[in-house]
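In what follows, chains carry the letters A, B, and so on, assigned in the order in which the sequence lines appear, proteins first and then strands, with residues in each chain numbered from 1. Only a predicted model underlies this, so the values are computations on that prediction, with no experimental measurement involved.
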Protein chains: 2
Amino acid sequence: MVKKTIFVFSSLIIALLVLLQLSKYTYMAGDASVELVIALVALTFLVVGFYLKKNNAQTNAIETGEIDFKKIKALGISDREYEVLQHLIKGLSNKEIADALFVSESTIKTHVSSLFVKLDVKRRTQAIQKAKEHQIIDA
Amino acid sequence: MVKKTIFVFSSLIIALLVLLQLSKYTYMAGDASVELVIALVALTFLVVGFYLKKNNAQTNAIETGEIDFKKIKALGISDREYEVLQHLIKGLSNKEIADALFVSESTIKTHVSSLFVKLDVKRRTQAIQKAKEHQIIDA
DNA sequence: AATCGGTTCATACTAAAGTACTAAAATCCT
DNA sequence: AGGATTTTAGTACTTTAGTATGAACCGATT
């Protein structure tokens with residue numbers, strides 16, 4: 001992360017120096033005015049700044065998407081329960097989850113209830129919140 | 001939206017012209033080299049580009065974890081409804097939200113129901129999901 | 001063979017959520 | 001000031017969620 005920053009800024013300085021050399025030649029040859037050179041440099045770095053911020057924003061969004069599988073086991077959540085949890089978080093009702101997993105609604109109720117105990121919550125909306133806090137799901 | 005873009009670019013052009021005038025004086029006075037002026041302009045516009053993208057990301061709110069306030073209005077969600085939504089997402093029950101906002105539970109039910117219509121959902125768990133998709137809340 | 005964890009399902013119940021109205025205030029806007 | 005919107009609140013009802021308990025089944029472990 002720090003390495004990348006150093007690399008980017010080094011590249012920028014080099015790019016700037018190259019531009020300066022080029023501008024010197026064109027200026028001395030009388031092909032272009034100083035104003036035009038400065039305007040081009042400004043435009044270039046405006047675009048570079050835009051691009052850098054864009055990449056920065058993308059990496060920020062990606063880095064938060066890790067799932068802590070160890071914590072799932074640590075909480076004693078079984079495979080099937082986790083499967084139910086994933087559907088629950090999508091916003092499905094018990095009946096809908098039951099249909100999706102080809103089991104009865106009462107089965108889902110059992111899984112959901114034991115999930116609540118393991119997550120130490122009382123409602124499914126709280127379960128969503130806790131799952132997010134524990135990095136158990138892809139937010 | 002378009003007006004803002006025009007305004008921003010007009011400001012940029014004016015800023016550039018001002019910088020050019022300043023650079024002319026300093027260059028002719030021999031106080032600074034052309035290279036330094038160009039470097040300063042480059043740095044300035046790098047920062048401007050960074051800043052512009054940041055604002056752009058806020059309004060679009062796609063990559064970053066920023067809240068899209070415009071979409072809240074676009075969906076017709078009122079201030080109070082949004083307040084209720086925030087508590088709902090925390091995992092609070094209607095009664096708990098009512099106590100937190102010092103109103104009755106039936107009032108919360110009214111707000112929640114109209115939120116569901118505006119978010120086009122049927123359950124509060126779905127509302128949480130939709131709010132996340134619309135970047136209406138801080139996930 | 002007996003035990004344990006996980007999955008399945010049922011019944012019966014209570015609690016919470018959600019819908020569909022109606023309506024009175026408070027606030028905002030011009 | 002007057003109209004529109006927001007916020008508030010109620011009643012009555014249906015649906016979904018959640019709890020408690022018991023029980024059958026299966027695969028792996030000891």
Side-chain angles (χ1 to χ4, degrees), chain A residues 67-134 136-137, chain B residues 67-134 136-137:
Chain A
I67 297 174
D68 193 348
F69 293 104
K70 290 177 183 174
K71 189 158 277 180
I72 298 173
K73 283 185 180 175
L75 292 169
I77 295 172
S78 71
D79 290 359
R80 197 59 162 171
E81 283 164 358
Y82 183 67
E83 210 169 350
V84 172
L85 179 63
Q86 286 179 315
H87 284 85
L88 187 150
I89 285 163
K90 286 180 189 170
L92 301 189
S93 68
N94 289 333
K95 186 74 187 69
E96 286 169 344
I97 299 172
D99 291 343
L101 301 181
F102 303 105
V103 292
S104 77
E105 191 185 345
S106 59
T107 302
I108 301 301
K109 281 190 176 184
T110 306
H111 288 318
V112 170
S113 285
S114 53
L115 269 171
F116 288 174
V117 173
K118 287 165 182 175
L119 289 172
D120 190 32
V121 295
K122 293 204 169 296
R123 280 177 289 281
R124 49 178 59 210
T125 49
Q126 281 186 335
I128 294 172
Q129 196 59 31
K130 267 283 176 75
K132 238 184 289 178
E133 285 173 20
H134 285 148
I136 276 176
I137 48 152
Chain B
I67 298 173
D68 193 345
F69 293 105
K70 289 178 182 176
K71 188 159 276 177
I72 297 173
K73 283 187 181 175
L75 292 169
I77 296 172
S78 71
D79 289 0
R80 198 59 161 172
E81 284 166 358
Y82 183 67
E83 210 170 350
V84 171
L85 178 63
Q86 286 179 315
H87 284 85
L88 187 151
I89 284 163
K90 287 181 188 170
L92 301 188
S93 68
N94 289 333
K95 186 75 188 66
E96 286 169 344
I97 299 172
D99 291 344
L101 300 181
F102 304 106
V103 291
S104 76
E105 190 185 347
S106 59
T107 301
I108 301 300
K109 282 191 176 185
T110 307
H111 288 319
V112 170
S113 285
S114 53
L115 270 170
F116 288 172
V117 173
K118 288 165 183 175
L119 288 172
D120 189 32
V121 297
K122 292 203 170 298
R123 281 177 287 282
R124 47 177 61 209
T125 49
Q126 281 186 335
I128 294 173
Q129 195 60 29
K130 267 284 177 74
K132 236 185 291 178
E133 286 173 20
H134 284 147
I136 274 176
I137 48 150

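- The salt bridge (charged side-chain N to carboxylate O under 4.0 Å, His left out) check on B/E105 picks up nothing, with sequence neighbours excluded.
- Checking side-chain atoms of B/R123 against main-chain N and O of A/G91 turns up a donor-acceptor pair under 3.5 Å.
- With sequence neighbours left out, B/K95 forms a salt bridge (charged side-chain N to carboxylate O under 4.0 Å, His left out) with B/D99.
- The side chain to side chain contact (heavy atoms under 4.5 Å, CB included) test with B/I89 singles out one residue from B/I136, B/I137, B/V84, and that residue is B/I137.
- A donor-acceptor pair is defined here as one N or O able to donate and one able to accept, closer than 3.5 Å; no such pair exists between the side chain of A/S113 and the backbone of A/T110.
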- Sequence-aligned protein contact record of nucleotides 5-26 of chain C, with B where the base is within under 4.0 Å of a protein heavy atom and S where only the sugar-phosphate is: --SBBB------BBB-------
Distances for protein N/O vs nucleotides 28-30 of chain C N/O pairs under 3.5 angstrom?
none

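- Chain A approaches DNA chain D within less than 4.0 angstrom (heavy atoms of the protein), and the contacting nucleotides run 5' to 3' from D/dA17 to D/dT19.
- Here the side chains of A/I77 and A/K73 are not in contact, with every heavy-atom distance at 4.5 Å or above.
- We find that B/E133 and B/K130 are not joined by a salt bridge, their nearest charged nitrogen and carboxylate oxygen being 4.0 Å or further apart.
- Using a 4.5 Å heavy-atom cutoff, the side chains of A/L75 and A/H134 are in contact.
- Under the salt bridge (charged side-chain N to carboxylate O under 4.0 Å, His left out) criterion, B/K118 pairs with B/E81, not counting sequence neighbours.
- Using a distance-only test at 3.5 Å, with no hydrogens or angles considered, no donor-acceptor pair links the side chain of B/T107 to the main chain of B/V103.
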